[in-house]
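Counting from 1, the numbers follow the sequence of the chain as shown. On a predicted model such as this, the values are computed, not experimentally measured, just so you know.
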Amino acid sequence: MTSAASFTANQMDDVSDYLWNNSLDLAKETLHLEFLNKLKSYTMKAERYLKFTLQDMVYLDGVTAMLKEMSEKVTEPEDLKVFIEGRHSSYKKFRDSCLQSLFIKDLNSIEPMPAMQKYLDTYREVMKESDPVYFVVALLPCPRAWSWIAQNLQLPKHSVHYIRKSDSESGQSEKHYRPILNKYLNSTEKLQKANDIFRRQMQNEHDFFYTS
């Protein structure tokens, strides 16, 4: 793991890659968890995957709500405001589409499992106690991890889970994060805090898969 103190000028060109490389060990651990091995071996029980899907919807709904709150709270700087508004719009569109496809009106009756509650609580802590740019940091592990896992998860095209894998593979959303993080995480202290938050969220991703 690279410390923030040893961060060079060249590495500063892409903060998101620095954060990701510092948590790659957790991504590799997640890739080899039993849940994902069950997907690869066609031994995943439908009830277990349904539970995972519903908890993922709880995550999506919770983060969408927090992004809405952040979009109303952050008025400057302009680029950060635009980023958060854009992420809220994207998350809301995806959440609404998922709810419609699953014929779910709302998620109020679904309780978050402990790992999911911890994940959402970390978001809330960052939202309430830190500068808004750190909420951007907290958001990034999810798309970055899912994209990497999808690229490295060896599922054949005839797998029932292949569509979800292929949807996650592109990593298109990551491009929105790079200019924000590169611009505002411009000191050793800020990088260290960002690294701590990113790694906590990567651990939360791992724990969600581990307990699903």
Side-chain angles (χ1 to χ4, degrees), residues 1 16-17 19-64 67 87 90-107 109-123 138-177 197-212:
M1 183 184 299
S16 63
D17 283 348
L19 296 174
W20 171 252
N21 289 331
N22 266 7
S23 289
L24 188 56
D25 59 318
L26 289 172
K28 291 178 178 178
E29 285 182 25
T30 304
L31 182 64
H32 297 292
L33 289 175
E34 186 225 11
F35 181 89
L36 292 174
N37 285 331
K38 289 284 186 182
L39 289 185
K40 291 192 292 184
S41 63
Y42 306 103
T43 56
M44 175 68 68
K45 291 185 178 180
E47 295 85 355
R48 184 176 182 183
Y49 192 74
L50 175 60
K51 173 188 172 184
F52 172 83
T53 301
L54 291 175
Q55 288 297 312
D56 197 27
M57 287 301 306
V58 170
Y59 169 89
L60 184 56
D61 189 56
V63 174
T64 301
L67 277 166
R87 290 299 84 207
S90 178
Y91 268 72
K92 184 178 184 301
K93 182 179 179 181
F94 184 51
R95 180 202 61 187
D96 293 348
S97 174
C98 289
L99 288 174
Q100 184 177 17
S101 67
L102 294 170
F103 299 96
I104 299 175
K105 287 187 175 181
D106 65 70
L107 295 159
S109 61
I110 302 174
E111 294 185 4
M113 60 195 291
M116 181 52 64
Q117 187 65 61
K118 178 173 172 283
Y119 202 165
L120 294 173
D121 285 347
T122 302
Y123 271 113
L139 284 170
L140 181 57
C142 178
R144 189 88 196 229
W146 280 61
S147 174
W148 185 87
I149 289 170
Q151 291 168 19
N152 289 275
L153 189 65
Q154 298 176 350
L155 285 180
K157 290 185 177 181
H158 61 265
S159 168
V160 295
H161 304 291
Y162 184 80
I163 293 177
R164 183 161 190 168
K165 172 187 181 295
S166 61
D167 286 346
S168 299
E169 254 179 348
S170 67
Q172 285 297 308
S173 67
E174 295 172 28
K175 65 183 180 183
H176 300 288
Y177 292 82
I197 291 171
F198 190 96
R199 192 165 176 85
R200 283 177 67 190
Q201 292 291 68
M202 283 294 294
Q203 184 68 57
N204 285 331
E205 277 288 336
H206 170 280
D207 294 349
F208 173 41
F209 281 100
Y210 179 77
T211 58
S212 292

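- Closest of all the heavy-atom pairs between Thr64 and Lys92 is CG2-CA, 3.8 Å.
- Panel note: side chain Asn21, backbone Asp17; a donor-acceptor pair is recorded below 3.5 Å.
- Partners of Lys118 by side chain to side chain contact (heavy atoms under 4.5 Å, CB included), not counting sequence neighbours, listed by chain and number: Asn204, Asp207.
- The shortest distance between side-chain heavy atoms of Leu139 and Tyr123 falls below 4.5 Å.
- Taking NZ of Lys40 as the reference point, atom CG of Leu153 lies at 6.0 Å (rounded to 0.5 Å).
- No donor-acceptor distance shorter than 3.5 angstrom exists from the side chain of Ser147 to the backbone of Pro143, with no hydrogens or angles considered.
- The structure places CE of Met202 at 10.0 Å from SG of Cys142, a figure rounded to the nearest 0.5 Å.
- Counting heavy atoms from C-beta on, the side chains of Leu107 and Leu60 never come closer than 4.5 Å.
- Nearest heavy-atom pair across Ala138 and Gln201 is O-NE2, 3.2 Å.
- Partners of Ser16 under the side-chain hydrogen bond (donor to acceptor under 3.5 Å, both in side chains) rule, at least two apart in sequence or in another chain, are Asp14, Arg178.
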> Yes or no on side chain to side chain contact (heavy atoms under 4.5 Å, CB included) for Gln203 and His206, after CA distance, side-chain angles and deciding distance?
Replying inline: CA-CA 5 Å; Gln203 184 68 57; His206 170 280; 3.5 Å; yes

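- Contact check for Tyr49 versus Leu39: side-chain heavy atoms found under the 4.5 Å cut-off.
- Judged purely by atom type and a 3.5 angstrom limit, Gln117 has no side-chain atom pairing as donor or acceptor with the backbone of Pro112.
- Counting only distance, with no hydrogens or angles, the side chain of Tyr59 and the backbone of Met116 share no donor-acceptor pair below 3.5 Å.
- Applying the side chain to side chain contact (heavy atoms under 4.5 Å, CB included) rule to Leu54 yields the partners Leu50, Ile104, Ile110; only residues at least two apart in sequence or on another chain are considered.
- Checking side-chain atoms of Arg199 against main-chain N and O of Asn22 turns up a donor-acceptor pair under 3.5 Å.
- Between the side chain of Gln55 and the main chain of Met113, a donor-acceptor pair closer than 3.5 Å is present.
- Phe208 is not listed as a side-chain neighbour of Phe35, based on a closest heavy-atom distance of 4.5 Å or more.
- One finds the OG atom of Ser23 at 10.5 Å from the CZ atom of Arg144 (value rounded to the nearest 0.5 Å).
- Listed by chain and residue number, nothing satisfies the side-chain hydrogen bond (donor to acceptor under 3.5 Å, both in side chains) test with Glu111 (two or more places apart in sequence, or in another chain).
- Partners of Glu205 under the side-chain hydrogen bond (donor to acceptor under 3.5 Å, both in side chains) rule, at least two apart in sequence or in another chain, are Tyr119, Trp146.
- A 4.5 Å side-chain heavy-atom check between Leu31 and Trp148 finds at least one atom pair inside the cut-off.
- Smallest separation of non-hydrogen atoms from Asn37 and His32: ND2-O, 3.1 Å.
- With values rounded to the nearest 0.5 angstrom, Tyr177 atom OH is found 6.0 Å from Leu140 atom CG.
- With Arg48 contributing its side chain and Ser212 its backbone, the two residues share a donor-acceptor pair below 3.5 Å.
- Contacts of Tyr91 classified as side-chain hydrogen bond (donor to acceptor under 3.5 Å, both in side chains), with partners at least two apart in sequence or in another chain: none.
- With contacts defined as side-chain heavy-atom distances shorter than 4.5 Å, the pair Leu120/Val63 qualifies.
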